[in-house]
Amino acid sequence: MAAVAGSTLLRVLYNAPLAPIEVPEGAVTAAGTLATVVVVAALAALALASDRPAVRVGLLTVGVFGALATVADAAAVPAVVAVPGGTALAMGAALGAPSSYRGLRRRVVALAFPAAVAVALAAATGVVDPGLRGTGTVGVLAATTLLSLRVEGDRTALVAGGVGFAAVAVVSSAAPFLTGSALLVGLGVVDAPVLLVATAVFGAVAAAVAGARRGEYVLVFGVGVLLSAGAPTAPPSATAVCLGATLACVDLDELLGPGGGDGAGRGSENGNGDGDRAPTTGVSTR
């Protein structure tokens with residue numbers, strides 16, 4: 001998360017219309033390379049630590065093809081299929097088949113990320129109409145907004161998400177050109193309304209705060225990677241988005257353990273078999 005956020009911050013400062021700030025181009029390139037290496041290493045670590053063969057194959061596929069497409073243009077087109085496909089395979093194997101409506105909607109949100117990444121990468125590489133690049137970006141922002149489903153009734157988290165939404169709205173109104181420059185150059189967000197960016201921040205912040213309050217720090221880090229990576233319009237950012245989405249949508253024990261959808265998830269104590277908790281009411285049932 002720190003590597004991806006640092007790379008994005010340097011890229012924003014390098015292109016920002018602020019005269020006193022001068023960031024060497026070499027520093028931006030080095031930070032981007034470091035972020036890619038760290039993301040690939042994280043994917044490999046998760047894959048090797050998992051006891052689930054499909055999760056291993058999926059995450060290793062994302063890491064390998066994401067790295068190859070970064071250094072070799074010839075691997076860009078195969079990465080259009082391999083990066084989102086590997087993510088969908090890993091998520092699907094970890095989550096398993098749903099047994100309730102709550103489990104179903106969680107899986108729909110999870111699989112919306114690789115679907116959006118596939119569209120954005122295909123448009124960026126010319127496999128499909130380049131005009132669909134914005135469609136992929138909108139898809140990622142919409143899926144990030146729906147991460148608010150992971151709040152599970154935590155009112156404090158919802159308030160924190162509302163503060164994040166308001167902050168984006170205020171900043172974009174006070175400094176529209178600077179905000180647009182940061183979104184376009186730093187995060188690669190094109191053809192997406194600022195309002196949707198604000199709703200994505202709402203969903204991400206709310207999910208992160210809820211995860212922190214429950215002690216699910218992998219969810220927090222996943223959301224941080226998602227917010228820092230930006231639009232998946234290039235192999236490095238697409239790989240980072242897939243890592244962040246996997247950590248934000250799937251519990252760590254579902255990724256690493258042999259259970260997945262059969263009740264091995266952190267939230268499976270409610271007995272629904274989908275790793276989803278019942279909504280938190282703040283009232284003890286003891």
Side-chain angles (χ1 to χ4, degrees), residues 4 7-8 11 29 32-33 35-44 46-47 54-95 107-144 146 183-192 196 200 222 225-250 255:
V4 176
S7 173
T8 299
R11 190 164 57 248
T29 303
T33 302
T36 300
V37 170
V38 171
V39 167
V40 171
L43 287 165
L46 284 171
V55 172
R56 289 183 181 179
V57 172
L59 294 182
L60 285 176
T61 299
V62 176
V64 169
F65 280 90
L68 288 176
T70 301
V71 299
D73 293 337
V77 174
V80 171
V81 176
V83 171
T87 305
L89 174 62
M91 284 184 171
L95 291 172
R107 285 149 180 78
V108 169
V109 173
L111 295 179
F113 282 103
V117 169
V119 173
L121 265 186
T125 55
V127 175
V128 298
D129 184 1
L132 292 176
R133 177 180 173 182
T135 303
T137 300
V138 168
V140 170
L141 292 174
T144 305
L146 293 176
L183 290 176
L184 176 61
V185 180
L187 297 174
V189 176
V190 295
D191 298 332
L196 185 58
V225 173
L226 268 178
L227 287 179
S228 304
T233 53
S237 59
T239 306
V241 167
C242 287
L243 171 63
T246 301
L247 296 178
C249 296
V250 185
L255 282 172

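Position 1 is the first residue of the sequence, and the numbers go up from there. Computed over heavy atoms, backbone and side chain alike; hydrogens, waters and symmetry mates excluded.
Of all heavy-atom pairs spanning A69 and A76, the tightest one is CB-CA, 4.0 Å. Here the closest non-hydrogen pair linking A231 and S237 is O-OG, 3.0 Å. For the pair G63 and V40, the tightest heavy-atom approach, listed with the atom from each and the gap, is O-CG2, 3.7 Å. Looking at every heavy atom in both residues, A54 comes nearest to A93 through CB-CB, 3.4 Å. Looking at every heavy atom in both residues, A90 comes nearest to V55 through O-CG2, 3.6 Å. Here the closest non-hydrogen pair linking V250 and A94 is CG1-CB, 3.6 Å.
The OG1 atom of T61 lies 13.5 Å from the CZ atom of R56; values are rounded to the nearest 0.5 Å. Distance check, rounded to the nearest 0.5 Å: CG of L59 to CG of L46 gives 6.0 Å. We find the CG-CG distance between L121 and L132 to be 13.0 Å, quoted to the nearest 0.5 Å. Interatomic distance, CG of L247 versus CG of L255, reported as 7.0 Å (0.5 Å rounding). Interatomic distance, SG of C249 versus CG of L146, reported as 9.5 Å (0.5 Å rounding).
Of the residues listed (L60, T239, T246), the one engaging L43 in a side chain to side chain contact (heavy atoms under 4.5 Å, CB included) is T239, and it is the only one.
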For side chain to side chain contact (heavy atoms under 4.5 Å, CB included), just list the numbers for L196 and V138, CA-CA rounded to whole Å, side-chain angles, deciding distance to a tenth of an Å, and then say yes or no. CA-CA 8 Å; L196 185 58; V138 168; 3.6 Å; yes
Do V119 and V128 pass the side chain to side chain contact (heavy atoms under 4.5 Å, CB included) test, and can you show the C-alpha distance, the side-chain angles, and the key distance before you say yes or no? CA-CA 8 Å; V119 173; V128 298; 5.7 Å; no
Candidate pair T137 and D191, rule side chain to side chain contact (heavy atoms under 4.5 Å, CB included), full reasoning: CA-CA 8 Å; T137 300; D191 298 332; over 6 Å; no
Would you please test V117 and T87 for side chain to side chain contact (heavy atoms under 4.5 Å, CB included) and show each step? CA-CA 10 Å; V117 169; T87 305; over 6 Å; no
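With hydrogens and angles ignored, the 3.5 Å screen pairs no side-chain donor or acceptor of R133 with any backbone N or O of V190. At least one donor-acceptor pair under 3.5 Å links the side chain of T125 to the backbone N or O of A122. Put simply, the side chain of T36 never gets that close to the backbone of P236: no donor and acceptor are under 3.5 Å apart.
When the shell of 6.0 Å around CG of D73 is examined, it contains 12 or fewer heavy atoms from other residues, nucleotides or ligands.
In terms of the side chain to side chain contact (heavy atoms under 4.5 Å, CB included) criterion, residue partners of A143 (sequence neighbours excluded) are, by chain and number, A112, F113.
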